[in-house]
Number of protein chains: 2
Amino acid sequence: MTMQQTEGAARPAGRPRSEKAEKAIIEAALDILGEGSGVSELSIEAIAARAGVGKTTIYRRWSNKEDLVVDALASLKPPIPPLKGASVRDDLVTYLQVVQSESIHVRTRCIMNIAMSQSDRHPRVAERFHEIAIKPRQAALRAVMERGMANGELRADLDVEMAMAILSGTMMWRTKWSSDDDLPPDLAERIVDEALRGFRPR
Amino acid sequence: MTMQQTEGAARPAGRPRSEKAEKAIIEAALDILGEGSGVSELSIEAIAARAGVGKTTIYRRWSNKEDLVVDALASLKPPIPPLKGASVRDDLVTYLQVVQSESIHVRTRCIMNIAMSQSDRHPRVAERFHEIAIKPRQAALRAVMERGMANGELRADLDVEMAMAILSGTMMWRTKWSSDDDLPPDLAERIVDEALRGFRPR
DNA sequence: TCGATACGCAACGGTCGCGTTTCATAATAT
DNA sequence: ATATTATGAAACGCGACCGTTGCGTATCGA
């Protein structure tokens, strides 16, 4: 067998699909979603136009919008902040600061909105988002908490699930219902300090 | 002047507008929103059809969709739970239980979603919702907290804004990301007890 | 070179909702 | 009675997208 085959699957004959087009499509989709469109308002034609691509090229890859959006969300790399500070408090502050700074970017904000509000109508999309964006962060957060419980910075009987919900939920609540600029500049620290008051031993 | 006039404004000649139709329209709009449609997916035709009403009847009263939705939201009466329990803890638990029970109803849930996610695209709608549904609740909650600070159940230097965000945000976070049935049955109590640990004096 | 496949583009017929108009009918004031 | 306004129904022309098809061109393997 003389055929050299770098990959396992046999390359099909003909012109290969353009990877560039694929990127452009996904980027365009995220871009439009980031402007506040819901999933159902997101039109294939708009994506094609913005990506500089024919509709055919889209339909050849995804049979429906949801699949496209799912893949688009999957392409988002979760920027996990490195959490190896001196103390639990430092790590938590760092974490919440990252969360807050992300919530200011319109694009992040809109995509977050989509995930939160369209979980009923587009469960697969919401599930994917949860997998991509929420879970890894929660895992990092959980690691911090458990480290704290191990070294005595936090109560040994702390309900970690609850503690994480307090931190994330409080930040979300405040960033949701306040305009970005009338939030206290030290919001993250204040949340952490207030929460830690109940998390510390005794 | 023989004209009897119950109201100040002179009743215009001709057939009066049907109050029943108006109610039906608003109810239909809320109904559709409660099924998960966003504001932009909400179509006048669908509202008219469900309300059993001609489109004319809608356009005669509202010149655009947003106005209609704003009025529809305004018609929602905020069911303020009476909070005059024996203790701050009791009141907070009652409050959060109400919040949770509401978050289970699909309709409430969807309308909440709309308010939260479409604040960029439909600011007037979001603002109205905040006025109708959030503010009164927050006021009731604030009253409880201040009562607690006055009688010593809570720290005198408690950051009330932060404390309220902790309670509401935590409940929202947990009800958002969990399916309704794998939440602990005593969720409200657990949130309150965890939070109060940091709210109590010393 | 040749067959196969992908590309961007334009056009297709079809659906949906828009906001407006027309119509016959109903409800009210004088 | 008559004038006036509202009502539900239907139809209008318009534009946005749908998902598909055909076109000429580009890019691959054989």
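Order of the sequence lines fixes the chain letters, A, B, ..., with proteins taken first and strands second; residue numbering starts at 1 for each chain.
How far CZ of A:R109 is from CG of A:D180: 5.0 Å, rounded to the nearest 0.5 Å. In this structure, OG in B:S117 is found 7.0 Å from CD in A:Q118, a value given to the nearest 0.5 Å. How far CG of B:L42 is from NZ of B:K65: 6.0 Å, rounded to the nearest 0.5 Å.
Judged by distance alone, with hydrogens and angles left aside, the side-chain atoms of A:R107 form no donor-acceptor pair with the main-chain N or O of A:I32 at under 3.5 Å.
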Exercise. Run the side-chain contact (heavy atoms from CB on, under 4.5 Å) check on B:R147 and B:V88 step by step: do they pass?
Worked result: CA-CA 8 Å; B:R147 182 151 52 89; B:V88 167; 5.6 Å; no
For this session: Go through the steps for A:R128 and A:V125 under the test side-chain contact (heavy atoms from CB on, under 4.5 Å), then give the verdict.
Result: CA-CA 5 Å; A:R128 183 62 133 200; A:V125 173; 5.8 Å; no
Exercise. Does the side-chain contact (heavy atoms from CB on, under 4.5 Å) test come out yes or no for B:R200 and B:E153, once each step is laid out?
Worked result: CA-CA 6 Å; B:R200 291 223 167 82; B:E153 288 186 77; over 6 Å; no
Exercise. Between A:T94 and A:D91, does a side-chain hydrogen bond (donor to acceptor under 3.5 Å, both in side chains) hold up when you go through it step by step?
Worked result: CA-CA 5 Å; A:T94 302; A:D91 283 346; 5.2 Å; no
For this session: List the steps, then state whether side-chain contact (heavy atoms from CB on, under 4.5 Å) holds for A:L196 with A:L154.
Result: CA-CA 8 Å; A:L196 276 184; A:L154 302 180; 3.7 Å; yes
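Among residue pairs with one or both ends in residues 177-201 of chain A, those qualifying as ring pair (Phe, Tyr, Trp, His ring centres under 6.0 Å) are A:W173-A:W177, A:W177-B:H130; sequence neighbours excluded. Each salt bridge (Lys or Arg N to Asp or Glu O under 4.0 Å) pair with one or both residues in residues 164-175 of chain B, not counting sequence neighbours, would appear here, but there are none.
Of all non-hydrogen atoms in A:G198 and B:R197, the two that sit nearest each other are O-CD, 3.0 Å.
For residues 24-47 of chain B, proximity to DNA chain C is found at B:S43, B:I44, B:E45, defined as any non-hydrogen atom under 4.0 angstrom from a strand atom.
Five base pairs at each end of the helix from C:dT1-D:dA30 to C:dT30-D:dA1 define two local axes, and these are offset by 20° (rounded to 10°).
In this structure, B:Y59 places its OH atom 11 Å from P of C:dG17, rounding to the nearest Å. Taking atom CH2 on B:W62 and atom P on C:dT20, their separation rounds to 16 Å, with Å as the unit. Rounded to a whole Å, the NZ atom of B:K65 is 9 Å from the C1' atom of C:dG17. Rounded to whole Å, atom P of D:dC17 lies 13 Å from atom CD1 of A:I58.
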Problem set entry | Letter per nucleotide, 5' to 3', of nucleotides 1-6 of chain C [B base touched, S only sugar-phosphate touched, - untouched; heavy atoms, 4.0 Å] | ---BBB
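A salt bridge links B:R121 with A:E41: the closest approach of a Lys/Arg side-chain nitrogen to an acidic carboxylate oxygen falls below 4.0 angstrom.
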Atom pairs under 3.5 Å, N or O on each side, protein against nucleotides 22-24 of chain D: can you list them with distances?
none

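In terms of position along DNA chain D, the nucleotide closest to B:E19 lies nearer the 5' end than the nucleotide closest to the other residue of the pair B:K55 and B:E19.
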